[in-house]
Amino acid sequence: VLIPAQYLVDRLRGPKSRADQVRELRRRLLAQADARRASPDERALASQLRRLREALAKAFRDVEACSGCARGYPLPHGRWQGGHCCGGRTEYVFTDEELGALRLSGTTPERFVPPRSDHAGCAFRGPTGCSLDVGDRPNICVRYVCRELHAELDTRGRLSEITDLESALRETFRRFVAARAERLENEMLRELAETLA
Ligand code: SF4
């Protein structure tokens, strides 16, 4: 009942293309393993990922490159002045692995609230940036540093702080993906054994 009600709200507030994408994302989030099904490693790594996303977002405080990088680009990227890297397709950043990590670290379908604006790129991109709390964003969104941002961080002397956190986030996500794949394989083997028994 929850997802159709949220869909209705999204449809009343914005374009159908966005509402459709967010509905699909909520459905895919709920299809991911919950805490009972996931392994202890997956649960611990997912929590660690959320903490790292929050720390990295703090380290990116008051950067300026992200607010003007899309100026002059064709649609959808150039719809607003900033957020060029958010101009791609929603499903490209919300992979099953990312959704798996989000679900285990507390993201719920209700937290996927899109902005009230045109739909230009990712469903959560709006005129003032991303509408999601940083803990509810995919890891790739938080750790991605384009050339322009890299240059700004370098000038401000903050590159090494960011690089350390970015590496930790990348490595932790790699370990999460491996733990998830291992659990999925075990589940598949168990099912196969039950079928053959
Ligand atoms: S989730 Fe947010 S940060 Fe990630 S691509 Fe979409 S708008 Fe950008």
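All ligand and atom numbering here is 1-based and tracks the order in the structure.
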What do you reckon, is CZ of R61 surrounded by more than 12 foreign heavy atoms closer than 6.0 Å?
yes
Has E110 got more than 12 heavy atoms of other residues, nucleotides or ligands less than 6.0 Å from its CD?
yes
Return the set of residues passing salt bridge (Lys or Arg N to Asp or Glu O under 4.0 Å) with E91 (not counting sequence neighbours), or none when no residue passes.
R89
Sequence neighbours excluded, which residues qualify as salt bridge (Lys or Arg N to Asp or Glu O under 4.0 Å) partners of R158?
D62
Go through ligand 1 atom by atom and flag the ones less than 4.0 Å from a non-hydrogen atom of F94.
1 (S)
Distance filter under 2.8 Å, centred on atom 4 (Fe) of ligand 1 - protein N, O or S atoms that pass it
C141 SG
cation_pi(R23, Y7) dist<6.0 Å, angle<=45:
yes
Who clusters with V113? Use side-chain heavy atoms, under 4.5 angstrom, across I, L, V, M, F, W and Y, and order the result by chain and number.
none
